[in-house]
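In this text, all values refer to a predicted model and were calculated from it rather than measured experimentally. Numbers here are sequence positions counted from 1.
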Amino acid sequence: MAFLLVSVILFNGIAFFMPKRLGRADMFVIALFGLVFQQLVDMFVNLKYDLYGFFQTGVDWLSLIPMLGLFPSVTLIFFNFYPWNNMKSSVLYVGLASAFLVGFEYLSLLAGYFYYHGWKLWWSVFEYPLLLYINVAFYKVFKILTKPADGGS
């Protein structure tokens, strides 16, 4: 539990104090989509198939700590430093972010607040880049949809 609480404080501190490259509305949408998308994935992988989860099988209150304390801040940190204008850098960045997340997942397993019931750590090596790119694609669509129309009305 100590690892989880220190992680929540650390990642939220970084997200709060980092120089912001995103607007407040962008940060809100990114954090909200990241949270909703993570819950959608977990609804199937955790609740339906019971492959992994937090603390104990099923829904429990303690799992709100990593869900609300980690997912939004980590997503904001990821997006804040994402290299939007360089394809090579973005692929490298997603690879490094995925490696970090796999390592953090492993430490979470060792800390005991995250468990596997059939999930394999190496599956996360493939899952994280996919999930990160889905988040990036969502944000790109959001930016297109919220772009002011040319010509004004």
Side-chain angles (χ1 to χ4, degrees), residues 1-84 86 89-143:
M1 187 68 134
F3 176 73
L4 173 59
L5 296 176
V6 168
S7 298
V8 167
I9 292 166
L10 177 67
F11 289 124
N12 280 280
I14 293 169
F16 184 78
F17 290 111
M18 69 185 174
K20 307 297 189 288
R21 295 174 53 195
L22 301 164
R24 288 183 296 182
D26 289 338
M27 289 189 292
F28 177 76
V29 168
I30 287 167
L32 187 60
F33 177 76
L35 187 59
V36 169
F37 184 56
Q38 182 64 42
Q39 294 312 302
L40 182 66
V41 169
D42 282 352
M43 182 173 60
F44 288 95
V45 181
N46 179 2
L47 298 177
K48 182 168 177 60
Y49 297 109
D50 191 29
L51 292 175
Y52 64 65
F54 296 105
F55 296 105
Q56 60 189 19
T57 302
V59 178
D60 67 285
W61 289 101
L62 277 177
S63 61
L64 289 175
I65 297 170
M67 286 182 215
L68 298 176
L70 292 176
F71 297 161
S73 60
V74 170
T75 304
L76 287 174
I77 295 166
F78 171 79
F79 272 93
N80 193 65
F81 298 106
Y82 189 86
W84 294 102
N86 187 319
S89 293
S90 66
V91 170
L92 179 62
Y93 184 76
V94 168
L96 291 172
S98 298
F100 173 81
L101 292 169
V102 169
F104 188 81
E105 181 176 313
Y106 179 70
L107 293 175
S108 300
L109 285 166
L110 294 178
Y113 74 87
F114 191 62
Y115 66 83
Y116 287 167
H117 282 171
W119 188 261
K120 307 290 183 216
L121 183 65
W122 68 269
W123 294 354
S124 296
V125 171
F126 299 101
E127 179 192 37
Y128 282 119
L130 175 64
L131 296 177
L132 291 172
Y133 278 122
I134 289 171
N135 275 271
V136 168
F138 168 82
Y139 183 66
K140 286 181 178 182
V141 169
F142 168 74
K143 292 306 283 183

*Asks:* Within this structure, what is the CG-CG distance for the pair L70 and L4, rounded to the nearest 0.5 Å?
*Replies:* 5.5 Å
*Asks:* CD1 of I65 to OG of S7: how many Å apart, nearest 0.5 Å?
*Replies:* 12.0 Å
*Asks:* Applying the ring pair (Phe, Tyr, Trp, His ring centres under 6.0 Å) test to Y52, which of F44, F114, Y115, W123 qualifies?
*Replies:* F114
*Asks:* Less than 3.5 Å apart, any donor N or O on the side chain of Y128 or E105 sitting next to an acceptor on the other?
*Replies:* yes
*Asks:* Roughly how far, to the nearest 0.5 Å, is the CG atom of L131 from the OG atom of S124?
*Replies:* 9.0 Å
*Asks:* In terms of heavy-atom contacts, does NZ of K20 have more than 12 from other residues, nucleotides or ligands at under 6.0 Å?
*Replies:* yes
*Asks:* Using 0.5 Å steps for rounding, measure from the CH2 atom of W119 to the CG atom of L109.
*Replies:* 12.0 Å
*Asks:* Where does the angle between the aromatic ring planes of F33 and F37 fall among parallel (under 30°), tilted (30 to 60°) and perpendicular (over 60°)?
*Replies:* parallel
*Asks:* For Y116, does the OH atom sit with more than 12 other heavy atoms under 6.0 Å from it, leaving out its own atoms?
*Replies:* yes
*Asks:* S90 versus W84: any side-chain heavy-atom pair under 4.5 Å?
*Replies:* no
*Asks:* What distance separates Y113 OH from L5 CG, expressed to the nearest 0.5 Å?
*Replies:* 9.5 Å
*Asks:* Hey, does P66 have a side-chain heavy atom less than 4.5 Å from the side chain of F55?
*Replies:* yes
*Asks:* Measure the CG-CG distance between L40 and L35 for me, rounded to the nearest 0.5 Å.
*Replies:* 11.5 Å
*Asks:* Take atom CZ of F81 as the centre, draw a 6.0 Å sphere, and report whether it contains more than 12 heavy atoms from other residues, nucleotides or ligands.
*Replies:* yes
*Asks:* Any side-chain to backbone donor/acceptor pair from N80 onto P19? Under 3.5 Å, distance only.
*Replies:* yes
*Asks:* Does a side-chain heavy-atom distance below 4.5 Å link F142 with I30?
*Replies:* no
*Asks:* Any side-chain heavy atom of F100 sitting closer than 4.5 Å to one from L96?
*Replies:* no
*Asks:* Between M67 and Q38, is there a side-chain heavy-atom distance shorter than 4.5 Å?
*Replies:* no
*Asks:* Taking the inter-plane angle between the rings of F104 and F11 on a 0 to 90° scale, is it parallel (under 30°), tilted (30 to 60°) or perpendicular (over 60°)?
*Replies:* perpendicular
*Asks:* Once the angle between the rings of Y82 and Y93 is folded into 0 to 90°, is it parallel (under 30°), tilted (30 to 60°) or perpendicular (over 60°)?
*Replies:* perpendicular
*Asks:* Kindly check if the number of other-residue, nucleotide or ligand heavy atoms within 6.0 Å of OH (Y49) is above 12?
*Replies:* no
